[in-house]
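Data first, discussion second: the structure below is written as structure tokens.
As the structure lists them, so they are numbered: ligands from 1, and atoms in each ligand from 1.
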Amino acid sequence: MAISIKINKNPQSRIHLCDFENIEFGKIFSDHMFRADYTDGQWQPGTIEPYGNISIAPSLSALHYGQSIFEGMKAFKDPQGKPQLFRPLENLKRLNISAIRMGMPELPEEIFIEGLKQLVVLDQAWIPTIDGSALYLRPFMFATDDFVGVRPSNNYSFMIFCCPVNSYYPKPIRVKVEQKFVRAAEGMAGSAKAAGNYGISMLPTMEAKKLGYDQIIWTDGKNHQHVEESGTTNLFFVLEDNLVLTPRLDGNILNGITRNTCIALLRAKGYEVQERDISIVEMIEAAKQNKLTDVFGTGTAAIIAKIATIGYEGADYELPDPEKRVVSNWLYKTVYNIQTGKEPDPFNWIMKLG
Ligand SMILES: *Cc1c(COP(=O)(O)O)cnc(C)c1O
């Protein structure tokens with residue numbers, strides 16, 4: 001079913017203010033945003049408006065009780081300059097998994113996809129084409145009742161805005177295995193992309209930064225023995241450039257789309273990929289014997305975030321030279337080339353717009 005989206009065009013594009021060679025991640029926003037509201041038990045058709053502030057009540061329930069979820073995805077241009085999305089239906093699926101867990105209404109496919117398509121087509125001049133860059137898209141949903149009692153909200157807004165992002169080859173990072181704080185445990189909301197899961201990660205990450213690390217590796221909430229994920233990325237460990245391990249989807253970690261993409265590409269290339277519980281002691285032993293050849297995080301923003309050093313129980317374990325990593329370097333290039341149409345798309349991951 002096609003829905004009709006009202007478009008109120010921005011009379012004054014800000015694109016000339018954007019220096020596409022030097023974009024700071026998350027600070028520059030394109031000319032438009034999409035919004036659809038849920039009222040009277042139904043999603044209303046959305047609107048596209050100039051990007052700008054929104055007005056909220058001090059009692060906005062999302063602020064007090066945390067019904068707030070989000071997605072992160074990217075739009076690219078193919079070699080002919082046509083805009084395209086990467087696996088957008090996977091983001092919708094996950095948004096609705098998050099919505100259910102947080103007691104929020106599911107978003108219909110036509111609102112999500114039409115909203116994205118029309119917004120990206122309208123702001124396609126904002127999709128950077130410098131190598132490594134993309135237009136980052138942030139869909140999110142939050143509770144909007146003007147009511148301070150504790151109950152699920154009756155009203156919600158779903159919005160999307162866009163940020164051009166440059167190549168984000170992050171420098172290989174130092175991570176600390178976290179054994180005091182927990183991100184999620186059985187029965188909690190670790191597999192939801194919920195704002196609150198980020199709120200609770202700020203203090204542990206700040207503490208790790210004070211010790212000279214960039215990020216933490218979360219461990220399981222029962223015994224702190226198994227690795228879970230790191231910051232905004234899922235984790236991969238490669239033994240002897242051959243066997244690839246990644247934590248299984250145990251309900252406590254996020255089902256990353258980049259994670260799924262990397263598993264599919266690795267298996268198609270002939271690698272053995274095991275999704276299982278990964279003990280931190282096993283990985284540290286492998287590092288000591290120089291068998292741990294590559295460790296990296298996967299996520300939409302960076303695609304691949306290489307890990308240079310793992311800190312565990314006060315000792316630092318240095319991993320092999322990031323420049324020479326076989327698996328992570330191959331994955332980064334392959335994923336980005338598929339996203340930008342420079343390599344064939346054997347899994348049908350691309351949705352062309354226009
Ligand atoms: C978004 C996110 C990821 C990565 O998911 P992608 O779909 O690959 O971007 C991993 N972990 C957490 C906690 C996340 O919020």
Side-chain angles (χ1 to χ4, degrees), residues 25-26 66 68-76 85-99 101-102 112 116 134-141 160 162-163 165 168 170 173 175 178 181-185 188-202 204-205 208 214-221 226-237 246-266 273 275 278 295-307 328 331-332 334-336 338-339 347 349-351:
F25 184 91
S68 179
I69 58 176
F70 66 97
E71 276 301 317
M73 53 198 298
K74 281 175 171 172
F76 306 87
L85 300 173
F86 184 69
R87 310 191 73 181
L89 291 169
E90 297 301 312
N91 292 95
L92 172 66
K93 234 191 264 169
R94 189 171 64 191
L95 181 79
N96 283 337
I97 287 170
S98 303
R101 179 62 184 84
M102 302 303 285
F112 185 80
L116 270 175
L135 186 65
Y136 183 81
L137 309 171
R138 170 51 60 90
F140 61 112
M141 191 201 294
I160 310 170
C162 321
C163 305
V165 293
Y168 183 94
I173 57 173
V175 296
E178 177 57 55
F181 295 106
V182 186
R183 176 180 173 276
M188 290 175 67
S191 58
K193 214 168 168 77
N197 285 339
Y198 280 82
I200 62 170
S201 76
M202 300 297 172
T205 310
D214 303 296
Q215 260 304 344
I216 52 183
I217 288 185
W218 295 107
T219 51
D220 72 84
H226 298 128
V227 296
E228 294 206 320
E229 53 185 325
S230 177
T232 61
T233 63
N234 293 110
L235 283 173
F236 284 74
F237 298 81
T246 191
R248 69 187 171 89
L249 299 176
D250 59 357
N252 297 328
I253 65 168
L254 205 86
N255 185 353
I257 296 163
T258 319
R259 172 188 183 278
N260 178 280
T261 297
C262 289
I263 292 173
L265 290 170
L266 287 165
V273 183
E275 298 174 67
I278 299 171
V295 180
F296 54 94
T298 63
T300 294
I303 305 179
I304 300 290
K306 289 180 217 171
I307 291 175
S328 51
L331 276 173
Y332 174 82
T334 307
V335 174
Y336 187 70
I338 294 174
Q339 289 174 329
F347 295 94
W349 284 332
I350 298 298
M351 179 182 282

If the cut-off is 4.0 Å to any non-hydrogen atom of [X], which atoms of ligand 1 fall inside it?
X      : answer
Arg94  : 5 (O), 6 (P), 7 (O)
Gly256 : 5 (O), 6 (P), 7 (O), 8 (O)
Thr233 : 10 (C), 11 (N)
Asn234 : 10 (C)
Thr232 : 2 (C), 3 (C), 4 (C), 10 (C), 11 (N)

**Val295 and its side-chain contact (heavy atoms from CB on, under 4.5 Å) partner, picked from Val175, Ile307, Val227** =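 Of all the options given, the one that passes is Ile307.
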**Prompt:** Do Arg259 side-chain atoms and Pro247 backbone N/O form a donor-acceptor pair below 3.5 Å?
**Reply:**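 Judged by distance alone, yes, a pair lies under 3.5 Å.
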Would you compute the distance between atom [atom1] of [X] and atom [atom2] of [Y] and round it to the nearest 0.5 angstrom?
X      : Y      : atom1 : atom2 : answer
Leu116 : Leu89  : CG    : CG    : 9.5 Å
Leu135 : Met73  : CG    : CE    : 10.5 Å
Asn91  : Glu71  : CG    : CD    : 4.5 Å
Thr261 : Ile257 : OG1   : CD1   : 7.5 Å
Thr300 : Phe86  : OG1   : CZ    : 8.5 Å
Asn252 : His226 : CG    : NE2   : 12.0 Å

What protein heavy atom sits nearest [atom], and how far off is it?
atom                    : result
atom 2 (C) of ligand 1  : Lys193 NZ, 2.6 Å
atom 9 (O) of ligand 1  : Thr300 OG1, 2.6 Å
atom 12 (C) of ligand 1 : Glu229 OE1, 3.4 Å
atom 8 (O) of ligand 1  : Thr258 OG1, 2.7 Å
atom 15 (O) of ligand 1 : Tyr198 OH, 2.4 Å

Would you say [X] contacts ligand 1, with heavy atoms under 4.0 Å as the rule?
X      : result
Arg183 : yes
Gly231 : yes
Met73  : no

**Prompt:** Between Leu331 and Phe296, does a side-chain contact (heavy atoms from CB on, under 4.5 Å) hold up when you go through it step by step?
**Reply:** CA-CA 11 Å; Leu331 276 173; Phe296 54 94; 3.6 Å; yes
**Prompt:** Purely on distance, is any nitrogen or oxygen of Arg259 under 3.5 Å from one on ligand 1?
**Reply:**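 The answer is no, given that Arg259 and ligand 1 share no N or O pair closer than 3.5 Å.
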